[in-house]
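Have a look at the structure below before the remarks.
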Amino acid sequence: CALPICFGWALRQAWVEAKEAARIAALSPAVKAERIETLQTLIAYAGFIDSGPQWKATIRAHRDEIRQLQAA
(Lines give C-alpha, C1' and ligand atoms only; values in the text may rest on other atoms or scores of the structure.)
Protein backbone atom coordinates (compact mmCIF):
# COMPACT_ATOMS: atom_id res chain seq x y z
CA CYS A 1 0.00 0.00 0.00
CA ALA A 2 1.45 3.35 -1.01
CA LEU A 3 1.87 5.71 1.91
CA PRO A 4 -0.34 8.56 0.57
CA ILE A 5 -3.14 6.11 -0.23
CA CYS A 6 -2.96 4.43 3.19
CA PHE A 7 -2.77 7.77 4.97
CA GLY A 8 -5.77 9.07 3.05
CA TRP A 9 -7.79 5.98 3.89
CA ALA A 10 -6.80 6.21 7.57
CA LEU A 11 -7.74 9.89 7.71
CA ARG A 12 -11.15 9.24 6.14
CA GLN A 13 -11.75 6.30 8.49
CA ALA A 14 -10.83 8.40 11.54
CA TRP A 15 -13.26 11.10 10.40
CA VAL A 16 -16.08 8.56 9.94
CA GLU A 17 -15.44 7.11 13.41
CA ALA A 18 -15.29 10.57 15.04
CA LYS A 19 -18.60 11.60 13.46
CA GLU A 20 -20.23 8.34 14.60
CA ALA A 21 -18.91 8.79 18.15
CA ALA A 22 -20.29 12.35 18.23
CA ARG A 23 -23.67 11.16 16.94
CA ILE A 24 -23.89 8.47 19.62
CA ALA A 25 -22.78 10.84 22.37
CA ALA A 26 -25.58 13.24 21.41
CA LEU A 27 -28.28 10.59 21.96
CA SER A 28 -30.32 10.73 25.14
CA PRO A 29 -30.06 7.80 27.57
CA ALA A 30 -33.66 6.81 26.77
CA VAL A 31 -32.95 6.69 23.03
CA LYS A 32 -29.78 4.66 23.66
CA ALA A 33 -31.69 2.17 25.82
CA GLU A 34 -34.42 1.85 23.19
CA ARG A 35 -31.86 1.26 20.43
CA ILE A 36 -30.06 -1.38 22.53
CA GLU A 37 -33.37 -3.17 23.09
CA THR A 38 -34.11 -3.08 19.36
CA LEU A 39 -30.67 -4.47 18.54
CA GLN A 40 -31.09 -7.28 21.06
CA THR A 41 -34.41 -8.18 19.43
CA LEU A 42 -32.74 -8.18 16.00
CA ILE A 43 -30.02 -10.49 17.34
CA ALA A 44 -32.72 -12.87 18.60
CA TYR A 45 -34.33 -12.92 15.15
CA ALA A 46 -30.99 -13.30 13.34
CA GLY A 47 -31.31 -17.06 13.78
CA PHE A 48 -33.65 -17.00 10.79
CA ILE A 49 -30.85 -15.87 8.46
CA ASP A 50 -29.96 -18.76 6.15
CA SER A 51 -26.42 -17.72 5.24
CA GLY A 52 -23.76 -18.43 7.84
CA PRO A 53 -21.46 -15.56 6.81
CA GLN A 54 -24.41 -13.14 6.64
CA TRP A 55 -25.61 -14.28 10.06
CA LYS A 56 -22.14 -13.80 11.55
CA ALA A 57 -21.76 -10.33 10.01
CA THR A 58 -25.21 -9.26 11.21
CA ILE A 59 -24.62 -10.44 14.77
CA ARG A 60 -21.19 -8.80 14.87
CA ALA A 61 -22.55 -5.47 13.59
CA HIS A 62 -25.39 -5.45 16.12
CA ARG A 63 -23.11 -6.37 19.03
CA ASP A 64 -20.57 -3.71 17.98
CA GLU A 65 -23.29 -1.07 17.96
CA ILE A 66 -24.52 -2.20 21.38
CA ARG A 67 -20.97 -1.86 22.75
CA GLN A 68 -20.69 1.65 21.28
CA LEU A 69 -24.00 2.69 22.79
CA GLN A 70 -23.08 1.30 26.21
CA ALA A 71 -19.66 2.96 26.18
CA ALA A 72 -21.01 6.43 25.36
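Only heavy atoms go into these numbers, but all of them, side chains included; no hydrogens, no water, no symmetry mates.
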Linked, directly or transitively: Ile49 and Ile59 (ILVMFWY side chains, under 4.5 Å): yes
CA sep, side-chain torsions, deciding dist, call: Leu69, Glu65, side-chain contact (heavy atoms from CB on, under 4.5 Å): CA-CA 6 Å; Leu69 288 166; Glu65 188 175 347; 4.1 Å; yes
Sequence-distant partners of Gln40, side-chain hydrogen bond (donor to acceptor under 3.5 Å, both in side chains), two or more places apart: none
Gln70 side, atom CD; Ile24 side, atom CD1 - distance, nearest 0.5 Å: 11.5 Å
Interatomic distance, Leu42 atom CG to Arg63 atom CZ [nearest 0.5 angstrom]: 12.5 Å
Polar contact flag, side-chain donor to acceptor under 3.5 angstrom, Gln54-Thr58: yes
Distance in Å, Tyr45 OH paired with His62 NE2, rounded so as to fall on 0.5 Å steps: 12.5 Å
Trp15 and its side-chain contact (heavy atoms from CB on, under 4.5 Å) partner, picked from Lys19, Gln13, Glu17: Lys19
Gap between atom CD1 of Ile36 and atom CD of Gln68 - 0.5 Å precision: 11.0 Å
Within 6.0 angstrom of Glu34 CD, more than 12 heavy atoms from elsewhere: no
